[in-house]
Amino acid sequence: MSNEIWDDEDGDEDERAVAERIDGEHADNPRLAAWLGEQEGRFEDWSRDHGGGWDFGERSLDRLEAVIREHITSVDDLFAHEHTPLVQVACWYVGEVHRRAAGTEWRMDPDPADSHPWSGRPYVTVPFTRLDEYRDPEGIDYDARPRHHPLSSFLALLREGPGSGPGSLRSELRDYGPDAE
């Protein structure tokens with residue numbers, strides 16, 4: 001059975017064209033530009049408030065884990081502080097490390113759905129031009145590129161607890177392939 005949305009027979013976009021169009025919309029939009037600009041503008045003060053010397057290196061993610069664990073005590077606390085400079089700049093920092101270390105790019109839905117709260121949050125993923133490098137092992141997902149929502153990374157960190165030690169945020173870089181981390 002054919003799905004007209006993905007067929008090219010009637011002039012409809014094929015699956016790859018739809019995915020590329022959506023990726024482009026998520027890559028270049030006013031919401032994302034405003035969020036990135038705001039966090040970059042806050043970074044100098046944030047850096048000074050958290051000891052300075054933030055170099056966007058992979059190992060600095062271990063230090064960021066310590067900052068998050070020091071200031072955020074639980075998942076509920078994270079959501080309560082989600083829109084503060086502490087958390088938003090930390091999210092930006094994680095994504096910037098991914099971008100610089102693994103060649104990812106920022107994305108954000110230009111028109112997020114109220115029914116899907118994660119669609120309103122920024123994330124990083126590898127460029128669409130590298131789509132074919134990633135395959136879903138189950139063959140279900142057409143776009144199997146790894147993507148990371150930094151806020152979700154902090155959720156995982158808090159759920160692990162302080163006994164897990166540093167390295168959780170840094171380990172995500174392995175998702176992009178052997179050349180990362």
Side-chain angles (χ1 to χ4, degrees), residues 15-29 31-33 35-36 39-40 43 46 50 54-69 72 74-75 78-79 82 86-110 112-113 116-181:
E15 188 172 9
R16 186 179 186 97
V18 169
E20 186 170 21
R21 179 178 47 77
I22 291 170
D23 187 75
E25 291 168 357
H26 284 219
D28 184 19
N29 66 74
R31 285 189 73 242
L32 176 59
W35 185 84
L36 290 172
Q39 304 330 309
E40 187 173 7
F43 178 68
W46 182 94
H50 299 290
W54 293 91
D55 64 0
F56 298 96
E58 297 167 27
R59 294 251 173 231
S60 70
L61 293 175
D62 297 346
R63 186 174 163 208
L64 184 60
E65 282 188 34
V67 168
I68 294 298
R69 289 184 192 279
I72 305 294
S74 68
V75 168
L78 177 65
F79 284 120
E82 177 180 358
L86 168 67
V87 174
Q88 289 298 295
V89 176
C91 285
W92 174 79
Y93 188 85
V94 168
E96 283 298 298
V97 172
H98 283 232
R99 190 178 68 77
R100 296 167 192 215
T104 64
E105 296 175 348
W106 282 104
R107 301 288 189 268
M108 183 185 277
D109 192 331
H116 190 282
W118 286 100
S119 73
R121 295 178 171 109
Y123 63 98
V124 290
T125 190
V126 295
F128 191 83
T129 56
R130 293 178 52 199
L131 177 75
D132 294 333
E133 294 176 28
Y134 300 93
R135 298 277 182 235
D136 179 3
E138 295 156 357
I140 298 168
D141 193 358
Y142 182 82
D143 184 351
R145 294 174 297 162
R147 58 184 56 102
H148 287 281
H149 288 81
L151 189 70
S152 181
S153 301
F154 297 156
L155 286 171
L157 183 70
L158 292 167
R159 287 181 178 135
E160 289 173 2
S164 64
S168 294
L169 294 177
R170 190 168 24 98
S171 70
E172 291 179 339
L173 293 169
R174 285 181 276 196
D175 293 346
Y176 303 113
D179 295 334
E181 189 184 39

Smallest heavy-atom separation, R16 atom then D132 atom, equals NH1-OD1, 3.0 Å

Nearest-0.5 Å distance, CZ of residue R135 to CG of residue D141
11.5 Å

Would you indicate whether the side-chain heavy atoms of S60 and V97 approach each other to under 4.5 Å?
yes

Report yes if the side chains of P117 and R121 come closer than 4.5 Å at any heavy-atom pair, otherwise no.
yes

Quick check for you: to the nearest 0.5 Å, what is the distance between D109 atom CG and I22 atom CD1?
9.0 Å

Contact summary for S119 and A113, nearest pair of heavy atoms
OG-N, 3.0 Å

Given side chains that start at C-beta, do those of V67 and W54 come closer than 4.5 Å, heavy atoms only?
yes

Taking atom CD as the centre, does E40 end up with more than 12 heavy-atom neighbours from other residues, nucleotides or ligands that are less than 6.0 angstrom away?
no

With a 4.5 Å cut-off on side-chain heavy atoms, are P150 and W92 touching?
no

Salt bridge check: are D143 and R147 linked by an N-O gap of less than 4.0 Å?
yes

Rounded to the nearest 0.5 Å, what's the gap from CD on E58 to CG on L61? Could you check?
8.0 Å

With rounding to the nearest 0.5 angstrom, report the NE2 to CG distance, H98 to D175.
8.0 Å

Under a 3.5 Å threshold, yes or no: a donor from one side chain and an acceptor from the other, between W46 and Q88?
no

Write down the atom of R31, the atom of G120, and the distance for their closest heavy-atom approach.
NH2-O, 3.2 Å

Establish, for the pair R99 and W106, whether the NZ or CZ atom is under 6.0 angstrom from the six-membered ring centre and no further than 45 degrees off its axis.
no

Within 45 degrees of the ring normal and closer than 6.0 Å to the centroid, is that where the cationic atom of R145 sits relative to Y134?
no

Could you state the interatomic distance from CG (L173) to CZ (R170), rounded to the nearest 0.5 Å?
8.5 Å

Closest heavy-atom contact between Y123 and M108?
CE2-N, 4.2 Å

Can you tell me how far the CG atom of L131 sits from the OH atom of Y142, to the nearest 0.5 Å?
5.5 Å

For the backbone of F56 and the side chain of Y93, can you confirm whether one donor and one acceptor N or O come within less than 3.5 Å of each other?
yes

Of all heavy-atom pairs linking E65 and S168, the shortest is OE2-N, 2.7 Å

From CA spacing to verdict: side chain to side chain contact (heavy atoms under 4.5 Å, CB included), R21, F128
CA-CA 10 Å; R21 179 178 47 77; F128 191 83; over 6 Å; no

Would you indicate whether the side-chain heavy atoms of W118 and L151 approach each other to under 4.5 Å?
yes

Measure the shortest side-chain to side-chain distance between T125 and E105 over non-hydrogen atoms and say whether it is less than 4.5 angstrom.
no

Counting C-beta onward and ignoring hydrogens, is there a side-chain heavy-atom pair between V75 and F154 closer than 4.5 Å?
no

Side-chain donor or acceptor of N29 paired with backbone N/O of H26 under 3.5 Å:
yes

Are P122 and R107 side-chain neighbours, meaning at least one heavy-atom pair lies under 4.5 Å?
no

Could you check whether atom CZ of R100 has more than 12 heavy atoms from other residues, nucleotides or ligands sitting under 6.0 Å from it?
yes

Looking at every non-hydrogen atom in both residues, tell me the closest pair between S153 and L169 and how far apart they are.
CB-CD2, 3.7 Å

